[in-house]
Amino acid sequence: MLEIKNLHVKLEEEDKVILKGVDLSIAPGTVHAIMGPNGSGKSTLSYVLSGKGGYVVTDGSATLEGVELLEMEPEARAAAGLFLAFQYPVEIPGVGNMTFLRTAVNAQRKARGEEELSAGAFLKVIREKAKALQIDAEMLKRPVNVGFSGGEKKRNEILQMAMLEPKMCILDETDSGLDVDAMKLVSEGVNALRGAGRSFLVITHYQRLLDHIKPDFVHIMADGRIIKTGGPELALEVEENGYADIVAEAV
Amino acid sequence: MAQLHAKQAKQDALAARLAGLDLPKGGWSAQARGAALARLSDMGLPGKRDEYWRYTDPAALNAVAPQPSDALRAETPIFTGKDKVRIVFVDGVFDAAASDPLDLAQVEITLLSQADAQDVHWAKPLYGTLEAVGQTPVPRPFAALNTAAAQEGLLIRVTGKAPRPLHISYRQTSNTSDVMLHHCVKVEDGAALTLLETGIAGARSNVVMEVQIAANGTLHHIRPQGRAHGKHLLTHIFARLAQNALFKSFTLSMNGRLTRNEAVIEFTGHDATAHIAGSAVGDGNFHHDDTVFVTHDAERCESRQVFKKVLKNGAVGVFQGKILVKQGAQKTDGYQISQALMLDDDSQFLAKPELEIYADDVICSHGSTSGAIDENALFYLQSRGVPKRAAQSLLVLAFLAEAIAEIDDEALAEDVRARMEDWLARHEGK
């Protein structure tokens, strides 16, 4: 599904190298988790993959189903099936949540040469999906993320994911700012989307999210590289002992 | 010495300007016209050194002849889905054939040129009166010029709740037309009207509207000013509100070499509300000025000024807004926001927000910002698959939304929104 090879990235504004050769291969239908200390480059990886400005790729490649992502505009990556659930979802005053979602869904359908969803058909789908995430009609009407609590913002991210039905989902610290109940709700939303060949890359600091969203592989990232890969037990090891031993071992 | 020269220059400009005009003698309006001319002689025409004209050069308005506008393009009609009474002015001249009969329940409508011949008319005590009041503390010479020289206008008296909106539709057929129109609107106790004002009156237009709203009266005013680029346009609204009166005015401006919309609002009765809002979008050789003066002289009145401008390719936006709260105008609620969204580095926004408060128990706030499109919001939309240009348009519309939200009638607001979207689509990415 997603193939990242020798990815090197630096900041555009200053001469600071963030990613120093990331290699990662995600097969269809699998769930990968990335853990790592602060500043190791996890969020940068998610931004570079989704096309945020401010970064320069100096080497390497990233392909989605064989197509090079790094040359594409962010909207083209989205239409190709990539989705990033933001760590800090952006507030957009003046744009209704519903309008935003419908514009996004139809823009992607149009880009893929599919027919746009009618207002009625869209409403039917979104009501059903919003209900599962306990998002009420009021929240759908409000401007995008404006005045939403931390939990509501993250649920709104998952609702967007459910509506857009991407092939490759990146979750950037989706657990941050969530209480236990909200984490369960969000995880259920993610788990409902598993299967059908859909892949996930879950970025997190904590093992507890991985109790709910069970990964097939766990990677440890430090100083711009993936330094260790294992199964779910690797997350448990980090939870107990921290990163120090793993980082020391890799050096 | 320099001051004396400046004064002489203003008088000379005025003399030249007046010489180029065919001043109507007027019937009952003669007295008001004469008084306006006397005021004007005292003030002279404005110059660039006047504080009130610091950001907008009045030269094109002072000139004896208007600058010819560009080749004329037909304006797409707006508010077509609304059942209304339409009155058409072509280059400032009433067009009976194109207009509906001047017949709207609860509303008396007469043409200034016709009414002026009558001995007695309700508009006599109103014509020029609010304009005269509005000359203090800031002189507005072009409004006095209008009172003195306007040949035509509508006198609208609302005696009950009007069942349909009244629509003043301007059309321009000559690219050198120099138009002065003077309207008077009197809303009686408990009466209500929606007034639509659309299009471009002439190559150069000077339009004054005096609005008097009695207790519990309501006037909704929605004014899309047309899309043609070559126009020079100056408007004044002078409104006086009695107890519990409501006045909401929204203006949409698209393009225009020079547009200055002045609103002078005065609260004389308690618990009245006035909202003055505007959205302006300009691309290139565009200068747009909103100048507002709100005087609170009664208790518990609410005023809102909401102005949003989208500027690109060297466009200039100006906002001069003042809230004056007089002694005794307790519990005043005054709000003022002016914001510009600059789509490039070439554009300019000049804002002068002012509060002057002599009462001690009031809430007044003002804010003025200018900035670029929020890059984070843009990326967020793109990352969801919305193409960059469409995402930009969505954010621009969102920026303008607060001003458009001042229109109560949802169908009319939707028409205004559609007009904006259309403009954005035409000007995307250029």
Side-chain angles (χ1 to χ4, degrees), chain A residues 46-55 69 72-97 99-112 114 116 143-146 153 156-157 159-161 163-166 169-170 172, chain B residues 250 252 277-281 306-310 337-341 343 367 369-407 410 413-414 416-418 420-421 424-425 428-429:
Chain A
S46 73
Y47 285 145
V48 169
L49 290 174
S50 52
K52 192 174 196 225
Y55 302 99
L69 277 179
M72 295 161 94
E73 291 297 321
E75 57 266 35
R77 302 181 197 203
L82 186 75
F83 182 90
L84 168 65
F86 282 54
Q87 182 181 2
Y88 304 109
V90 181
E91 296 185 6
I92 310 181
V95 178
N97 212 8
T99 309
F100 162 63
L101 269 167
R102 195 162 157 233
T103 307
V105 167
N106 281 335
Q108 291 204 11
R109 292 178 79 99
K110 200 175 158 195
R112 290 194 292 258
E114 298 163 14
E116 294 188 8
V144 178
N145 293 323
V146 177
K153 283 181 181 169
N156 203 29
E157 292 292 290
L159 175 65
Q160 291 167 39
M161 194 162 92
M163 289 303 297
L164 295 168
E165 300 183 325
C169 309
I170 305 172
D172 188 7
Chain B
F250 171 87
L252 170 65
S279 292
V281 289
V306 181
F307 291 92
K308 303 261 184 166
K309 296 180 205 283
V310 177
I337 183 102
S338 62
Q339 295 181 305
L341 183 62
L343 298 182
T369 64
S370 61
I373 287 245
D374 179 351
E375 289 295 328
N376 285 324
L378 192 61
F379 173 63
Y380 192 63
L381 287 167
Q382 285 181 270
S383 79
R384 297 307 181 241
V386 183
K388 187 171 184 181
R389 285 181 179 186
Q392 264 172 346
S393 292
L394 203 60
L395 292 173
V396 170
L397 269 181
F399 168 79
L400 296 168
E402 190 188 357
I404 298 174
E406 292 295 327
I407 303 172
E410 207 25 70
E414 195 44 52
V416 167
R417 210 169 287 127
M420 300 278 12
E421 281 181 49
L424 290 168
E428 254 175 23

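Letters A, B, ... mirror the listed sequences (proteins, then strands); counts begin at 1.
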Requested in this report: Taking all non-hydrogen atoms of both residues into account, name the closest pair between B:A398 and A:V95 and its distance.
Outcome: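 Looking at all heavy atoms of both residues, the shortest contact is CB-CG2, 3.5 Å.
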Query - For the student: nearest non-hydrogen atoms of A:A104 and B:V386, plus distance - result: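 Taking every non-hydrogen atom into account, CA-CG2, 3.9 Å.
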Query raised in the report: Got a sec, which residues hit side-chain contact (heavy atoms from CB on, under 4.5 Å) with A:A80, two or more places apart in sequence or on another chain?
Result: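 Result, side-chain contact (heavy atoms from CB on, under 4.5 Å) vs A:A80: A:L64, A:M72.
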Can you pull out all donor-acceptor pairs below 3.5 Å that join chain B and chain A?
residue : atom : partner : partner atom : Å
B:Y380  : OH   : A:N145  : ND2          : 3.3
B:Y380  : OH   : A:E157  : OE2          : 2.3
B:Y380  : OH   : A:Q160  : NE2          : 3.1
B:Q382  : O    : A:E75   : N            : 3.4
B:Q382  : NE2  : A:E75   : OE1          : 2.7
B:R384  : O    : A:Q108  : NE2          : 3.0
B:R384  : NE   : A:Q160  : OE1          : 2.5
B:R384  : NH1  : A:L84   : O            : 2.8
B:R384  : NH2  : A:L84   : O            : 2.9
B:R384  : NH2  : A:E157  : OE1          : 2.7
B:R384  : NH2  : A:Q160  : OE1          : 3.4
B:K388  : N    : A:E75   : OE2          : 3.0

Query - Top contributor to chain B interface from A:P74, A:P93, A:A76, A:A78 [non-hydrogen pairs under 4.5 Å] - result: A:P74
Requested in this report: Answer yes or no: is there a side-chain heavy-atom contact under 4.5 Å between A:V144 and B:L381?
Outcome: no
**Report entry** Engaged part of B:L395 at the chain A interface, taking heavy atoms whose separation is under 4.5 Å
**Finding:** side chain
Query raised in the report: So what's closer than 4.5 Å to chain B heavy atoms on A:P143: side chain, backbone, both or neither?
Result: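 No part of A:P143 comes within 4.5 Å of chain B.
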